[in-house]
Amino acid sequence: MEEKKKTTVDIDEALYRPIYETGKGFYITVGVLLMIILFAAFMYIRQVYYGLGVTGMNQPVTWGFYIVNFVFFIGISHAGTLISAILRLSKAEWRRPITRMAEVITAIVLAIGGLHPIIDLGRPDRVLNIFTAGRLQSPLLWDVTSITAYFTASTVYLYLPMIPDIAKLRDRGGKLRWFYDFLSWGWQGTEHQKKVLNRAINILMVMVIPIAVSVHTVISYIFSMTLQPGWHSTIFGPYFVVGAIFSGIAALLIVMIAFRKFFHLENYLKLIHFRYLSTLLLIMSLLWFYFTFSEYLTGIFGAEPHEMDVILYKMTGPYAIFFWGMVICNFIIPVIVLSFKKFKTIKGILFASITVVIGMWLERLNIVIPSLANPRLELSTGMYFPSLTEWSLFIGALAVFVLGYVLFSKFFPIISIWEIEEGREESIKEVEERVKSYLPGPAGTTE
Amino acid sequence: MNGEEKKFHDKIIYMAQLASISFIWIFVAGIAVWILNLISISVDLNDAPGASIGISIIAIPVFFTLAGILTYVFVGFHKKNNNIKE
Amino acid sequence: MPKWAMVIDLDKCTGCGDCMAACKVENNVAIVSPEQAEENRVMFWMDMMTIYEGEYPNIKVTRIPKPCYHCDNPPCIKVCPVHATYINPEGLVGQIYHRCIGCRYCMAACPYTAKVFNWYEPEWADEFKTCMNPDVSLRMKGVVEKCSFCAHRLQHVKEDADAEDRPINDGEYMPACAESCPADAIFFGDLENKESKVYKLSRSPRAFKELEDLGTEPKVIYLSKRE
């Protein structure tokens with residue numbers, strides 16, 4: 001009886017519910033997050049007023065948490081669009097409940113990450129000099145360009161597949177009708193419209209992959225274009241891209257597990273989804289280790305003195321705890337947890353994902369600080385202790401991420417409803433035919 | 001909502017949508033102008049103009065393609081709608 | 001076109017630090033508080049590298065004055081996003097304080113860590129405020145600064161030479177550090193002028209440059225029998 005009633009409303013009612021039902025928890029969450037963000041904003045204004053002296057940066061460690069977090073957040077942003085595009089492109093049917101969540105991560109985190117270099121500026125009031133007197137020769141401007149392109153592309157890529165769902169919300173009536181009406185772009189679900197939308201999504205997903213790869217490559221270029229030991233490495237581009245996808249998948253898994261719990265989406269996000277994604281995470285972990293191993297082995301074997309200073313600073317010096325912590329978090333724990341089916345439960349995957357996110361943050365820390373702390377000339381080695389300002393802006397940035405996600409889920413379905421429907425209605429047949437087409441035909445036939 | 005009101009409502013929404021599409025084009029054009037400005041500066045100062053031009057060759061078409069896709073979708077959606085009404 | 005260069009004779013240098021003091025006064029370099037100095041935020045355009053070798057009591061101390069090396073191929077100007085640092089035709093690497101956005105990329109890219117940053121609004125004791133050098137503009141918080149080879153002095157020298165319609169004499173343009181050195185260890189002049197003292201010293205067998213293999217082509221040349 002209960003079951004029947006549900007089907008007359010909508011099979012996917014569970015996906016609409018969070019948009020229309022607002023509990024106490026929502027207001028408390030938003031309130032707490034806003035408080036954190038306000039405090040971070042206050043600390044930032046204080047920093048602008050007094051100068052960058054309120055941070056822990058110094059000479060020679062001229063870059064600190066802000067640049068570390070910049071690289072980290074932009075890395076996380078690769079979760080979304082890239083993974084979603086790859087899954088769409090490879091026609092992985094299990095992608096359907098995942099893509100939207102992934103794309104939202106990208107849009108929000110990219111905005112946060114993109115702001116970090118501006119937070120890092122000593123004279124944010126002069127940031128417009130980039131427009132009037134910029135130099136495209138500077139890797140920082142490459143970043144500005146590619147992050148803008150990626151942000152535009154990923155927002156479009158988030159928005160277009162959302163149009164049919166927005167139209168569904170519009171047709172339901174209720175709150176914010178004009179808003180959904182505006183955003184749905186007159187979607188009626190006609191054949192022609194579907195064709196147009198599919199074609200646009202197909203073009204976009206091909207386009208978005210090289211843009212995403214370029215973004216993190218260019219971020220690595222900020223470091224590898226300089227002559228500093230530990231940075232000046234040809235491997236940095238792919239190394240950063242691999243790390244970015246790695247941390248992105250982990251962040252995506254955490255978000256998925258959180259929403260599954262709070263929105264009761266167990267029916268949509270099944271263990272199988274987590275298992276598939278975590279296999280991808282395991283592969284990236286091995287790939288990450290391969291890159292890290294290559295990077296450090298070449299440094300150690302060549303034993304160029306300045307290079308060695310940096311490597312020893314990481315391996316046995318003050319950063320040993322962060323370096324080996326990174327190896328444990330990024331390689332040892334995920335490989336142990338994700339290799340055995342016994343551990344590959346939701347809890348196990350959550351644990352591995354959290355360690356990977358921490359580990360990848362440590363990796364960024366290990367890349368940025370030790371190279372700066374060990375200048376080539378015979379000066380004393382530098383040390384860096386982040387101040388309260390930097391910590392609060394870090395936590396503030398995380399709060400902006402959570403708030404952005406919570407607000408998004410208040411206005412839009414977090415799982416693509418029309419793609420789930422499409423999956424139910426069409427793709428089972430389609431997949432059957434596709435699989436048949438892989439198999440050899442009757443004996444004697446050739447194409 | 002009666003017919004008259006709905007018509008007015010639809011018109012306002014349509015105008016707003018048109019405005020948002022043109023905003024995308026203004027944004028993209030702004031980026032192109034910015035990059036071209038930087039190229040002219042780098043040519044003036046003889047400061048690696050080749051690199052600047054190289055970047056612009058990649059960057060500008062990317063932005064225009066993105067705006068083009070959005071416009072294509074918008075136009076594509078509305079074209080069919082009118083046909084149905086007729 | 002002249003190419004200004006500095007020669008520092010480490011065999012003559014006593015490591016007294018007079019060049020550092022002269023530089024600070026000449027260029028209105030801010031004096032940071034002891035607490036800030038603790039945090040590695042001291043501002044020197046002319047710094048002093050101190051290298052300790054060996055164990056107590058047999059310590060060998062080497063002191064090496066370190067200004068900006070005014071590289072011919074400067075890594076700092078390549079990375080600047082806003083043209084705030086540049087190399088002029090005479091080989092001087094300059095910094096435009098009013099354009100700098102404070103991203104500190106040049107500091108990160110400089111292999112010699114020659115640049116310093118204004119972490120706070122620069123401050124001077126009252127006694128200093130009355131005797132600022134009017135030729136050197138004051139910096140504001142949030143910008144990068146560095147040794148300019150006392151480029152403002154070159155302006156004066158050029159004006160004098162122009163007025164008298166003669167070329168600049170060797171030794172006429174001297175940065176404050178070179179002028180003040182009590183051991184006469186710092187020389188300054190035109191590397192293109194084959195008659196100049198700097199040119200002759202730069203050909204000395206004792207001459208070397210810091211991190212020459214990086215290809216930055218620094219224009220500060222050290223002389224030393226050791227090393």
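Checking A:Y239, A:F236, A:F223, A:Y221 one by one against A:W231, the ring-ring contact (aromatic ring centres under 6.0 Å, His included) holds for a single residue, A:F223. Applying ring-ring contact (aromatic ring centres under 6.0 Å, His included) to C:H70 and the options C:W4, C:W45, C:F149 leaves one that passes, C:F149.
In plain terms, the two heavy atoms of C:M48 and C:C19 that are nearest each other are CE-SG, 4.3 Å. A:W142 and A:L136 get closest at one heavy-atom pair: NE1-O, 2.7 Å.
Chain C forms more heavy-atom pairs under 4.5 Å with one residue of A:V61, A:T62, A:L141, A:V127 than with any other, namely A:T62. Contact count versus chain C (heavy atoms, under 4.5 Å) is highest, among A:P375, A:G134, A:P60, for A:G134. Of the listed residues C:P75, C:P81, C:A109, the one with more heavy-atom pairs under 4.5 angstrom with chain A than any other is C:P81. In terms of heavy-atom pairs under 4.5 angstrom with chain A, the leader among C:I101, C:I77, C:V116, C:V42 is C:I101. Ranked by heavy-atom pairs under 4.5 Å with chain A, the first of C:M49, C:M43, C:R41 is C:R41. Across A:L227, A:L140, A:I118, the residue that shares the most heavy-atom pairs under 4.5 angstrom with chain C is A:L140. When the candidates C:R104, C:M107, C:K115 are compared by the number of heavy-atom contacts under 4.5 Å with chain A, C:R104 comes out ahead.
Contacts of C:L214 with chain A are made by both backbone and side-chain atoms, with heavy-atom separations under 4.5 Å. Only the backbone of C:C110 comes within contact range of chain A, with heavy atoms under 4.5 Å apart. Heavy atoms closer than 4.5 Å to chain A are found in the backbone of C:T50, but not in its side chain. A:H232 does not touch chain C: none of its heavy atoms, backbone or side chain, sits under 4.5 Å away. Of the atoms belonging to A:I222, heavy atoms from both backbone and side chain fall under 4.5 Å from chain C. With a threshold of 4.5 angstrom between heavy atoms, A:V48 approaches chain C through N, CA, C or O but not through any side-chain atom.
Atom CG of A:L121 sits about 10.0 Å away from atom CG of A:N129, to the nearest 0.5 Å. Summarising the geometry, atom OG belonging to A:S371 is positioned 7.5 Å from atom CD belonging to A:Q228; distances are rounded to the nearest 0.5 Å. Distance check: C:D11 CG to C:K225 NZ gives 5.5 Å after rounding to the nearest 0.5 Å. Rounded to the nearest 0.5 Å, atoms OG (A:S387) and CZ (A:F65) are 9.0 Å apart. Once rounded to the nearest 0.5 Å, the distance linking CG of A:L365 with NZ of A:K314 reads 10.0 Å.
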Q | Worked verdict on A:H78 versus A:F240 for ring-ring contact (aromatic ring centres under 6.0 Å, His included) | A | CA-CA 11 Å; A:H78 274 55; A:F240 270 49; over 10 Å; no
Q: Apply ring-ring contact (aromatic ring centres under 6.0 Å, His included) to A:F323 and A:Y319, showing your working.
A: CA-CA 6 Å; A:F323 182 84; A:Y319 266 58; over 10 Å; no
Q. Which is it for C:R206 and C:D9 under the side chain to side chain contact (heavy atoms under 4.5 Å, CB included) test, yes or no, and what are the steps along the way?
A. CA-CA 9 Å; C:R206 289 188 299 145; C:D9 192 335; 3.1 Å; yes
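Within residues 49-59 of chain A, the residues having any heavy atom under 4.5 Å from a heavy atom of chain C are, by residue number, A:Y49, A:Y50, A:G51, A:L52, A:G53, A:V54, A:T55, A:G56, A:M57, A:N58, A:Q59. Using a 4.5 Å cut-off between non-hydrogen atoms, the part of residues 82-96 of chain C that approaches chain A consists of C:V82, C:H83. Residues of residues 133-144 of chain C lying within less than 4.5 angstrom of chain A, judged on heavy atoms, are C:M140, C:K141, C:G142, C:V143 in numerical order.
A:F385 meets the side-chain contact (heavy atoms from CB on, under 4.5 Å) test with A:M383; sequence neighbours excluded.
At most 12 heavy atoms of other shown residues, nucleotides or ligands fall within 6.0 angstrom of atom CD in C:E55. Other residues, nucleotides and ligands contribute more than 12 heavy atoms inside 6.0 Å of the CD atom of C:E217.
A salt bridge does not link C:E210 with C:K66: none of the charged nitrogens is closer than 4.0 Å to a carboxylate oxygen.
For the residue pair C:T216 and C:Y112, a side-chain donor N or O sits within less than 3.5 Å of a side-chain acceptor on the partner.
Looking at heavy atoms from C-beta onward, C:I186 lies out of side-chain contact with C:E179 at the 4.5 angstrom threshold.
Ring centroid separation for the pair A:W63 and A:F70 does not come in under the 6.0 Å cut-off.
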